Amino acid sequence: MENSLQKQMNVIVQGTEDVLNEDELEKLVADSIKNDKPLKVKLGLDPTAPDIHLGHTVVLNKLRQFQDLGHKAILIIGDYTARIGDPSGRSKLRPKLDPKAIDENAKTYMKQAYKILDPEKTEMVNNSSWLKKLKFEDVLSLTSRFTVARMLERDDFKKRFKGNTPIAIMEFLYPIMQAYDSVAIEASVELGGTDQRFNLLMGRELQKEFSQTPQIAITMPILVGTDGVEKMSKSLGNYIGVDEAPEEIFGKIMSIPDDLMIGYYKLLTRLDLKEYDKIEESLSNKNVNPVILKRRLAKLIISDLYTVKEAEEAEKHFDLVFKKKEVPENIEEYSIREGGKVWIVKILVDSGLVKSNGQARRLIKQGAVRIDGEKVKDSNLEIKPSFLDGKILQKGKRHFRKIKAK
RNA sequence: GGAGGAGUGCCCGAGUGGUUAAAGGGAGCAGACUGUAAAUCUGCCGGCGUAUGCCUACAGAGGUUCGAAUCCUCUCUCCUCCA
């Protein structure tokens with residue numbers, strides 16, 4: 001542990017939404033340096049969603065920073081909670097997951113999470129290993145330490161209570177279970193999104209009850225999705241998946257609104273802290289072309305998830321297709337059977353470039369369809385497959401099919 | 001157990017008998033421009049072999065009417081309140 005206290009603190013606090021409580025954290029970090037004893041940094045994860053996107057990586061990034069500072073990451077798989085089915089979010093019960101599925105999910109999750117985390121410094125535990133053993137009386141004893149009033153302090157509970165939206169009793173138990181996880185592993189720090197704030201604080205309280213040093217609760221901001229409005233989520237389709245191809249990620253990052261850049265830098269990269277100030281300054285002074293900063297951002301993120309080399313290749317690919325408006329190298333092929341003439345609209349639909357005949361006609365009218373770069377003007381065009389063989393069919397700027405005649 | 005409210009296109013959301021394939025917004029797609037797949041502006045945005053045409057569509061099934069997303073009946077789903 002060579003890093004100075006101040007340096008560690010700066011890195012840890014960077015990009016966070018909230019640190020509760022910072023003074024205590026400083027004390028813990030100081031002790032850890034003095035005794036050469038790493039902090040136990042806890043992150044709970046939900047084994048229901050195996051595909052992680054950049055939004056999830058915000059917190060993983062922070063965890064990685066802790067690892068880089070020499071601390072220990074402990075990932076808690078919420079297998080017990082998942083097995084019961086978390087009722088939060090209205091009154092719909094989530095499907096119960098069987099242990100096998102949870103195991104699978106955890107595995108794919110870890111595979112993706114290790115793109116960011118250092119596996120050497122990561123420990124993984126299932127929370128069933130202690131929650132399962134609790135007897136009903138243990139649960140009673142746990143619940144007796146919290147009051148309903150305390151529970152209702154949580155904003156979403158409060159809103160639902162006031163608004164007469166149902167709250168299942170079991171939902172009160174979730175924060176307690178999560179808090180108990182912290183007790184079980186004696187966490188020194190717990191990370192989470194802003195929505196986890198209350199749960200993280202519960203951990204502190206319960207740890208005090210068990211005469212442990214209360215954990216520091218660090219919350220990270222929610223990442224805004226590629227649309228620049230909503231939070232990043234799979235269901236909204238504004239996400240960038242960790243498992244997506246480098247070229248895809250590069251393109252998606254280039255497509256985020258400029259205003260989002262600085263946030264992405266701060267939450268998704270691990271640069272020297274001074275760098276962020278520089279970038280922020282350049283953006284507000286407009287003395288650097290934003291596109292340069294965006295490209296750098298894209299490369300940084302891809303380098304993390306893949307390799308520097310792949311990031312560079314993704315950039316090249318991007319330039320090839322979008323800047324120089326050339327055709328990319330790997331285009332999906334589409335074969336037509338050799339024979340009589342074929343209607344252009346049909347080819348567009350069958351090749352999957354377009355969803356319906358009507359749409360294909362409209363696109364042709366708009367001048368969006370090209371064969372080997374030449375605009376198709378007539379939606380009634382009929383072509384011999386042999387004429388098309390080897391040619392490239394293009395819709396808009398970035399959708400291509402290589403035609404093969406069989 | 002009782003009372004009431006709601007269900008519209010990918011999503012949100014107007015529309016309470018006709019000119020409604022259904023306002024508006026978002027998403028998506030395309031065109032122009034550029035610094036990029038940013039921003040901005042414009043166009044498209046149910047389907048049908050090319051159509052002053054036909055089909056499908058406002059939770060589902062029936063019914064009233066020349067005509068229904070709009071009125072009636074039943075069914076289903078969701079929500080709220082009272083007990």
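From a predicted model like this one, the values you see are computed outputs, not experimental measurements. Protein chains get the first letters and strands the later ones, always in sequence-line order, with residue 1 at the start of each.
Among all heavy-atom pairs drawn from A/I292 and A/V288, the shortest one is CB-CG1, 4.4 Å. Of all heavy-atom pairs spanning A/R270 and A/I116, the tightest one is NH1-CG2, 4.1 Å.
A straight line from CG of A/L283 to P of B/G35 spans 17 Å, rounded to a whole angstrom. Distance, A/Q359 CD to B/C29 C1': 6 Å, rounded to whole Å. In this structure, A/E382 atom CD and B/G49 atom P are separated by 12 Å, rounded to whole Å. One atom, CG of A/D227, and another, P of B/C29, lie 12 Å apart when rounded to the nearest Å. If you measure from atom CG of A/N238 to atom C1' of B/G28, you get 13 Å, rounded to the nearest angstrom. Between A/I249 atom CD1 and B/A37 atom P the separation is 19 Å, expressed in whole Å. In this structure, the CZ atom of A/R370 is 12 Å from the C1' atom of B/A30, given to the nearest Å. Rounded to whole Å, the distance from CD1 on A/I253 to P on B/A37 is 16 Å.
Nucleotide B/A3 forms a Watson-Crick or G-U wobble pair with B/U80, both donor-acceptor distances falling under 3.5 Å. Pair check for B/C41 finds B/G31; Watson-Crick or G-U wobble, both atom distances under 3.5 Å. Using N1 to N3 plus N6-O4 or O6-N4 for Watson-Crick, or N1-O2 and O6-N3 for G-U wobble, each under 3.5 Å, B/G18 pairs with B/C66. For B/A59, the paired nucleotide is B/U75, the pair qualifying as Watson-Crick or G-U wobble because both relevant distances are below 3.5 Å. Under the Watson-Crick and G-U wobble criteria, each requiring two contacts below 3.5 Å, nucleotide B/G53 is paired to B/C48.
The side chain of A/S356 lies closest to B/C48, out of B/C48, B/A39, B/U50. Among the nucleotides B/G35, B/G31, B/A37, the one closest to any side-chain atom of A/D258 is B/G35. Closest contact between the side chain of A/R362 and the listed nucleotides B/G31, B/U36, B/G47 involves B/G47. Set against B/U50, B/A30, B/A39, the side chain of A/W343 has B/U50 as its closest nucleotide. Distances from the side chain of A/N289 to the nucleotides B/A37, B/G35, B/C45 place B/G35 closest. Minimum atom distance to the side chain of A/R361 is reached by B/G49, of the listed B/G35, B/G49, B/A30. Minimum atom distance to the side chain of A/V291 is reached by B/U36, of the listed B/C44, B/U36, B/G49. Listed candidates were B/C29, B/C33, B/U36. Nearest to the side chain of A/L363 is B/C29.
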Requested in this report: List the steps, then state whether side chain to side chain donor-acceptor pair (under 3.5 Å) holds for A/H71 with A/Q65.
Outcome: CA-CA 9 Å; A/H71 301 292; A/Q65 285 180 319; over 6 Å; no
Query raised in the report: Stepwise, does the side chain to side chain contact (heavy atoms under 4.5 Å, CB included) test hold for A/D103 with A/K107?
Result: CA-CA 6 Å; A/D103 221 50; A/K107 255 183 217 151; 4.0 Å; yes
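Within 4.0 Å (heavy atoms only), A/K365 reaches no atom of the nucleic acid at all. Base contact: A/P290 has a heavy atom under 4.0 Å from a base atom. Using a 4.0 Å heavy-atom criterion, one finds that A/L260 contacts no nucleic acid atom at all. In this structure, A/G251 reaches the bases: a heavy-atom distance under 4.0 Å links it to at least one base atom across the strands shown.
To the nearest whole angstrom, the two C1' atoms, one in B/U50 and one in B/G67, are 31 Å apart. Nucleotides B/C11 and B/A27 have their C1' atoms positioned 7 Å apart, rounded to a whole Å. For B/U70 and B/U52, the P atoms lie 29 Å apart once the distance is rounded to whole Å. Annotation: B/U40 and B/G25 have their P atoms spaced 14 Å apart (nearest Å). Spacing between B/A37 and B/U20 at atom P, rounded to whole Å, works out to 38 Å. Taking atom C1' in both B/U8 and B/A23, the straight-line distance is 12 Å, to the nearest Å. The same atom, C1', is picked in B/C71 and in B/C81; the two are 28 Å apart, to the nearest Å. B/G15 and B/G63 have their C1' atoms separated by 23 Å, given to the nearest Å.
Between A/S379 and A/K375, the residue anchored nearer the 5' end of RNA chain B, judged by the nucleotide with its closest heavy atom, is A/K375. Place A/A368 and A/N380 on RNA chain B by their nearest nucleotides, and A/A368 ends up nearer the 5' end.
The side-chain hydrogen bond (donor to acceptor under 3.5 Å, both in side chains) with A/S182 is formed by just one residue from the set A/Q212, A/E205, A/Q207, A/E190; it is A/E190. Of the options A/D304, A/D243, A/T57, a side-chain hydrogen bond (donor to acceptor under 3.5 Å, both in side chains) to A/K115 is made by A/D243 and by none of the others.
Under 3.5 Å, the side chain of A/Q366 and the base of B/G31 form no donor-acceptor pair of N or O atoms.
Residues A/E24 and A/R204 are in side-chain contact: their nearest non-hydrogen atoms beyond the backbone lie under 4.5 Å apart.
Judged purely by atom type and a 3.5 angstrom limit, A/N126 has no side-chain atom pairing as donor or acceptor with the backbone of A/S128.
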